[in-house]
There are 2 protein chains.
Amino acid sequence: MTQQTEPARRTPLNRDRVLRAAVALADRAGIEALSMRSLAHELDVVPMALYKHVANKKQLLDGMVDVIVGEIDPPAGDADWKSAIRRRVLSARRALLRHSWASRVIESRTSPTPGVLDYLNSIIGMFRAGGLSADLTHHAMHALGSRVWGFTQELFPASPGPAPADADPQALAALLGEMAARYPHIVEIVLARPHDGESVVGQGCDDQFEFEFALDLLLDGFERLHRQGWTSAERF
Amino acid sequence: MTQQTEPARRTPLNRDRVLRAAVALADRAGIEALSMRSLAHELDVVPMALYKHVANKKQLLDGMVDVIVGEIDPPAGDADWKSAIRRRVLSARRALLRHSWASRVIESRTSPTPGVLDYLNSIIGMFRAGGLSADLTHHAMHALGSRVWGFTQELFPASPGPAPADADPQALAALLGEMAARYPHIVEIVLARPHDGESVVGQGCDDQFEFEFALDLLLDGFERLHRQGWTSAERF
DNA sequence: ACCGCCGGTGTACGCCGTACACCTTTACGG
DNA sequence: CCGTAAAGGTGTACGGCGTACACCGGCGGT
């Protein structure tokens, strides 16, 4: 028989399948569990096979970034520049939140990929279309920083100390006491959720609110500067 | 002779010497060249010796962060909250700029060290001393994000494409042309330095200016919200 | 005189990324 | 129809990493 009885022939790999599998694996097992070997195993292939489709691991990560960037909604034509940019950035945020590893990978990339450049180019274009000067737009992009991607560096990646979901509440309260003695301002701030829930530990912050708060503060600032015809030459 | 003729006995290691050597090595050779092995070699010691002084590499990096945080100037008592915070943050920036790897390490740390907590606590205290509510301060800290450390995620870590210090200007100009065709807005922005130097490629941005621009935009925003008695409950 | 501990050693394990030579399958031009 | 060359997958191997674990010399305290 010329046909192999084996379950047909594996459909051959290609760059796209590799990238998608990498994204899926990182989603499921975490970015630190993504190695060329583990990815190859996932694809039922020997590690070196991957190198026929991506040059090296850096390029793999770059490709994964572009996959995620491709999930960001295209700009919506209507609306003023401010809310158009706001919407787009929040869309980027949703994409990044779907892949919790993505922000860390974007941070660590050392040279921009075409997809990244496309996105940045288009955001800049939205500022310009809104009438902001190239000068102001330049500084606005810097001011946004990683916020154009919809994320901010978390100051407290998790609650400090051991995970909150362990140990008896006795010890937990004691720990909070220690914290309050040593870092009174931090504790006060962490507990500062205006009214409602008075759970002992502030159950974390509303990240979405925090993000929009800062984003709006910046966008409003840009708008104000734009209206008053600001140029960077003013501060000689 | 009971005395060894060898150059006496090596003064024994301790945690502090290890951390300082690690910082020095990272400064000199880059953070990616810092391994337990290379650090041990630097200290004329076998790799495993380090583990008598730091639990593992994560803790080594945490310790290095605390060394850098220790370089940040203490708060200066005089002056209003805004300029006091401004000064402190810019001092943090100077410390981080002295150790170019530090921002990346701070970003990647997963749980805060005592030194980090001290610093954040004191910044928060400065907001509170200025009269800002715990609520507003909370959001202000989030809005600052990594900017309390004096750095911002760079959008273009270097100029895109190959390093600028190579190849003939002919090819470089052609590359710029391609860029301008594909990413017109980016190119316009990059070249938008108000008057002076008209070098072909914008020779990079004035990072210090960009940082202060964004920092002041945020601080001014906080001040405005403070003056008008803003609380987060407003946006129900 | 002894013991215990502290700091430094040596060996080894299991990961990692990837260079390189090899083999199979497929596509195509003569 | 065949020969060949490319494309895609394999196997082996190397050097590097973090670190577990057993060990050992010398010093201080009893």
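Naming: A, B, ... by sequence-line order, numbering from 1 per chain.
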**Report entry** Distance in angstrom units between L43(A) CG and dT10(D) P, rounded
**Finding:** 11 Å
Report summary line: Of Y51(A) and A49(B), the one whose nearest nucleotide on DNA chain C sits closer to the 5' end is A49(B)
Query raised in the report: Side-chain N or O of H53(B) less than 4.0 angstrom from OP1 or OP2 on dG8(C)?
Result: yes
N/O contacts under 3.5 Å, protein versus nucleotides 11-16 of chain C?
residue : atom : partner : partner atom : Å
dC16(C) : OP1  : S35(A)  : OG           : 2.9

Query raised in the report: L39(A) has an atom CG; how far is it from atom C1' of dG17(C), in whole Å?
Result: 13 Å
Query raised in the report: From dT10(D), dT19(D), dG8(C), pick the nucleotide closest to the side chain of K52(A)?
Result: dT10(D)
Requested in this report: Identify the two heavy atoms, one from N121(A) and one from H185(B), that lie closest to each other, and give their separation to 0.1 Å.
Outcome: OD1-N, 2.9 Å
**Report entry** Whole angstrom value for the distance that separates P of dT25(C) from CG of L13(A)
**Finding:** 17 Å
Report summary line: H41(B) atom NE2 is separated from dG8(C) atom P, nearest whole Å, by 17 Å
**Report entry** Salt-bridge present (R94(B), E71(B); N to O < 4.0 Å)
**Finding:** no
Requested in this report: Over all heavy atoms of both residues, which pair between Q153(B) and I106(A) is shortest? Give the atoms and the distance, please.
Outcome: NE2-O, 4.0 Å
Query raised in the report: Does the ring centre of F209(A) sit less than 6.0 Å away from the ring centre of H139(B)?
Result: yes
**Report entry** Neighbour count >12 (heavy atoms, 6.0 Å) for atom CZ, R20(A)
**Finding:** no
Query - L50(B) vs N56(A), nearer the 5' end of DNA chain C by closest nucleotide - result: L50(B)
Query raised in the report: How long is the line joining CD of Q59(B) and C1' of dT19(D), in whole Å?
Result: 14 Å
**Report entry** Closest non-hydrogen atom pair, L155(B) against S146(A)
**Finding:** CD1-N, 4.3 Å
